[in-house]
A.B. asks: 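Would you mind keeping the following structure in view while I ask a few things?
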2 protein chains.
Amino acid sequence: MVQLAADDRLDEVFHALANRTRRALLGRLAAGPARVNELAEPHGMSVNAISKHLMVLERAGLVQREGTGHVRACRLDAAPMASAEAWIAGYRRFWSDKIDRLAAFVETAGD
Amino acid sequence: MVQLAADDRLDEVFHALANRTRRALLGRLAAGPARVNELAEPHGMSVNAISKHLMVLERAGLVQREGTGHVRACRLDAAPMASAEAWIAGYRRFWSDKIDRLAAFVETAGD
DNA sequence: CACTCTCTCAACCGTATGGTTGACAATCCT
DNA sequence: AGGATTGTCAACCATACGGTTGAGAGAGTG
């Protein structure tokens, strides 16, 4: 994989997330790996369109393909989201107050 | 302002963030309100291009214009970032472990 | 009033997005 | 081997992005 500048990677991650179909795909993949066909089902779109969305997600590093064969499963890799969230977190003080920070603590330490 | 569906708003916010020039504009506005002219300076672009970027940010609710006059200042409104971060946070368990959660706590409670 | 400064509107251009259809490669199952 | 299933490649299309230039509107200032 080519090493990208941080800004390039942020561009790609935010762009990948800026589409509800792709967010839905990530939501589905959060429940476990799936094949392209399976992913395309719920959306009223062609398998082809889903394949292109998956390539956008793959380019952003959010999805990885497994296996070389017929049954190529797609697997979620949420790691790049961390940098996106970290960027946003730099602005948290502009909307968050102490109660929000407490809520964040409860959420992150909750289990 | 028109009430948008949550997905529409997320589309717009993530799209607004998916561009380094716009992220840089937000970074500048984090230091305080500024006029369009002032914002355009550091980037090697026309004031016109910056104006269009600001409209994207405004459409996402991340920037608000103040004043009707000659000196229209732009002000950061980071609130929509909260929903974007909340969406990402739903995937935090896929990359975060307890140490990361501790770090998040330290960061959010740090000041 | 005339002029300057600031900003937006409008048109344009090249490229990218998001979708389609159709063809094709590759794998699995008889 | 033959055929069904799965997925990508390629071409196409309409629209949106990201930038430019040029014109023009509005507020301040001589």
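Every heavy atom of this structure was used, including side-chain atoms; hydrogens, water molecules and symmetry mates were not. Below, read A as the first sequence line, B as the second, and so on, with proteins coming before strands; counting in each chain starts at 1.
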A.B. asks: Return the minimal non-hydrogen interatomic distance between E85(B) and W95(A), and the atom names on each side.
C.D. replies: OE1-CZ2, 3.5 Å

A.B. asks: What is the separation between atom CD on E41(B) and atom C1' on dT6(C), rounded to the nearest whole Å?
C.D. replies: 14 Å

A.B. asks: Assign a letter to each nucleotide of nucleotides 11-20 of chain D from its 5' end: B, base within under 4.0 Å of a protein heavy atom; S, sugar-phosphate only; -, no contact.
C.D. replies: ------SSBB

A.B. asks: Answer yes if M81(B) and V56(B) sit in the same cluster of Ile, Leu, Val, Met, Phe, Trp and Tyr residues linked by side chain heavy atoms under 4.5 Å apart, and no otherwise.
C.D. replies: no

A.B. asks: Looking at S51(B), I'd like to know whether one of its side-chain N or O atoms comes within less than 4.0 Å of OP1 or OP2 on dT8(C).
C.D. replies: yes

A.B. asks: Roughly how many Å is it from CG in L39(B) to C1' in dT6(C), rounded to a whole number?
C.D. replies: 13 Å

A.B. asks: I50(A) CD1 to dG7(D) P: how many Å, rounded?
C.D. replies: 12 Å

A.B. asks: Any side-chain N or O of R65(A) under 4.0 Å from OP1/OP2 of dG7(D)?
C.D. replies: no

A.B. asks: Round to the nearest Å and state the distance from F14(B) atom CZ to dT17(C) atom P.
C.D. replies: 18 Å

A.B. asks: Quick one: E66(B) CD to dA27(D) C1', roughly how many Å, whole number?
C.D. replies: 17 Å

A.B. asks: Give me the atom names and distance for the closest heavy-atom approach of L29(A) to A34(A).
C.D. replies: CD2-N, 3.9 Å

A.B. asks: For atom CD of E41(B), is the number of surrounding heavy atoms from other residues, nucleotides or ligands below 6.0 Å larger than 12?
C.D. replies: no

A.B. asks: Looking only at heavy atoms, which two atoms of C74(B) and V63(B) are closest? And how far apart?
C.D. replies: CB-CG1, 4.1 Å

A.B. asks: What is the distance, rounded to the nearest whole Å, between atom CZ of R35(A) and atom P of dT27(C)?
C.D. replies: 15 Å

A.B. asks: Roughly, in whole Å, what's the span from CZ in R20(A) to C1' in dG19(C)?
C.D. replies: 15 Å

A.B. asks: dT17(C) C1' sits how many Å from D11(A) CG, rounded?
C.D. replies: 15 Å

A.B. asks: Which atom names give the shortest non-hydrogen contact between R9(B) and G61(B), and what distance separates them?
C.D. replies: NH1-CA, 4.2 Å

